[in-house]
Amino acid sequence: IRNEIINVFSVFCFEIFEGPEIEDDDHNFTRLNVLKDHPSRDMQDTFWLTEELLLRTHTSPGQIRYMDKQNPPLKVLVPGKVFRSDSDATHSPMFSQMEGLVVDEHITLCDLQGMLDEFVKAMFSDDVKTRLRPSYFPFTDPSIEVDLKWKNGRWLEIMGAGMVHPNVLRNCGIDPDE
């Protein structure tokens, strides 16, 4: 699946960037606009190795590392393993995640929706429909959930998404007004 997703986005000239699995608080939380008292920082959600180092909880720290190294325009996929301190029957403490990032002038939510529609068509079929629902993630604004119309007309949530939060861009030295 990872290679199929990469192949879909390679048509749109996305680069691949893989960040470290052991992350620091700054890249995993702070620069992604996750407040100090956010529940995701708690011991029950995060595998802390030291007060400052942890097993990454998402691939989003790769966005920060990539934006630190490259200037816009940016198109990157960040695949990798992520780790969450979940131990119930419905969650796995380690799973794979894929993240995409585009930073350029005049990018809108409509551009994001169009790209996601192309992705869903390439992965499933031309007949599959998507919808966007409002959500919340500290590192995006607006934040959305992406659903696809599935069997018997039911909707299936397949991912979270959104426009990069202006604070995240500022934290990487990128002017969000540009």
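These values consider heavy atoms only, across backbone and side chains, with no hydrogens, waters or symmetry-generated copies. Predicted model, so just to flag it, every value in this text is computed and none were measured.
- Annotation: the span from Thr130 atom OG1 to Leu156 atom CG amounts to 12.5 Å, rounded to 0.5 Å.
- Cluster annotation: Phe9 is connected to Val120 through the hydrophobic network of ILVMFWY side chains, with a link wherever side-chain heavy atoms come within less than 4.5 Å.
- Counting heavy-atom neighbours within 6.0 Å of Glu52 CD, excluding the residue itself, gives a total above 12.
- Through direct or indirect side-chain contacts shorter than 4.5 Å among Ile, Leu, Val, Met, Phe, Trp and Tyr, Phe95 is connected to Val82.
- Residues Gly80 and Arg56 approach most closely at CA-NH2, 3.3 Å, considering heavy atoms.
- Take Arg170 and apply the side-chain hydrogen bond (donor to acceptor under 3.5 Å, both in side chains) test, not counting sequence neighbours, and it matches Asn167.
- From Ile22, atom CD1 reaches atom OG1 of Thr50 across 9.5 Å, with rounding to the nearest 0.5 Å.
- Val34 has its side chain within reach of Pro138: a pair of non-hydrogen atoms, C-beta onward, lies under 4.5 Å apart.
- Inspection of the Ser10 and Asn7 side chains reveals no N or O donor paired with an N or O acceptor under 3.5 Å.
- Formation of a donor-acceptor pair under 3.5 Å by the Arg84 side chain with backbone atoms of Met94 is not found in this model.
- The shortest heavy-atom contact between Met98 and Thr59 is C-OG1, 4.3 Å.
- Side chain of Ser143 to main chain of Phe137: a donor-acceptor pair is present (N/O by atom type, distance under 3.5 Å, no hydrogens or angles).
- Hydrophobic clustering of Ile, Leu, Val, Met, Phe, Trp and Tyr side chains at less than 4.5 Å, counting indirect connections, keeps Ile107 apart from Phe139.
- Minimum interatomic distance between Val8 and Ala122 (heavy atoms only, all atoms of both residues): CG2-CB, 3.6 Å.
- In plain terms, the two heavy atoms of Ala161 and Thr140 that are nearest each other are O-OG1, 4.0 Å.
- Of the inter-residue distances, the one linking Leu32 atom CG with Asn171 atom CG reads 8.0 Å to the nearest 0.5 angstrom.
- With a 4.5 Å cut-off on side-chain heavy atoms, Leu101 and Val78 do not count as touching.
- For the atom pair CZ of Phe83 and CG of Leu54, the computed distance is 10.5 Å after rounding to the nearest 0.5 Å.
- Between Ile144 and Ser135, the shortest heavy-atom contact is C-CB, 3.8 Å.
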request  = List the steps and the verdict of side chain to side chain donor-acceptor pair (under 3.5 Å) for Asp45 and Ser85.
outcome  = CA-CA 5 Å; Asp45 292 325; Ser85 187; over 6 Å; no
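- Ring geometry, His58 versus Phe29: the interplanar angle falls from 30° to 60°, so the pair is classed tilted.
- Contact check for Ile64 versus Asp26: no side-chain heavy atoms found under the 4.5 Å cut-off.
- Looking at Asp147 and Arg133, their side chains come closer than 4.5 Å, going by heavy atoms from C-beta outward.
- No donor-acceptor pair under 3.5 Å is formed between the side chain of Asn28 and the backbone N or O of Pro61.
- Within the 3.5 Å criterion, the main-chain N or O of Phe12 finds a donor-acceptor partner in the side chain of Lys75.
- For the pair Leu148/Arg131, no side-chain contact is recorded, criterion being any heavy-atom separation below 4.5 Å from C-beta on.
- Side-chain contact between Asp111 and Val102 is absent, with no heavy-atom pair separated by less than 4.5 Å.
- Between Lys149 and Val128 the shortest side-chain heavy-atom distance does not fall below 4.5 Å.
- Note on Met163: it does not cluster hydrophobically with Met67, by side-chain heavy-atom contacts below 4.5 Å among ILVMFWY residues.
- One N or O on the side chain of Ser125 and one on the backbone of Asp127 form a donor-acceptor pair closer than 3.5 Å.
- Both Leu116 and Trp150 are part of a single hydrophobic cluster, where members link through side-chain heavy atoms under 4.5 Å apart.
- Summarising the geometry, atom CD belonging to Glu23 is positioned 10.5 Å from atom OG belonging to Ser60; distances are rounded to the nearest 0.5 Å.
- Atoms CD1 and CG, on Ile16 and Leu77 in that order, are 4.5 Å from each other to the nearest 0.5 Å.
- Among Asp24, Asp25, Asp68, the one residue that satisfies the side chain to side chain donor-acceptor pair (under 3.5 Å) test with Arg31 is Asp68.
- A donor-acceptor pair is defined here as one N or O able to donate and one able to accept, closer than 3.5 Å; no such pair exists between the side chain of Arg2 and the backbone of Gln97.
- Looking at Met159 and Phe119, their side chains come closer than 4.5 Å, going by heavy atoms from C-beta outward.
- Less than 6.0 angstrom separates the ring centroid of Phe17 from the ring centroid of Tyr66.
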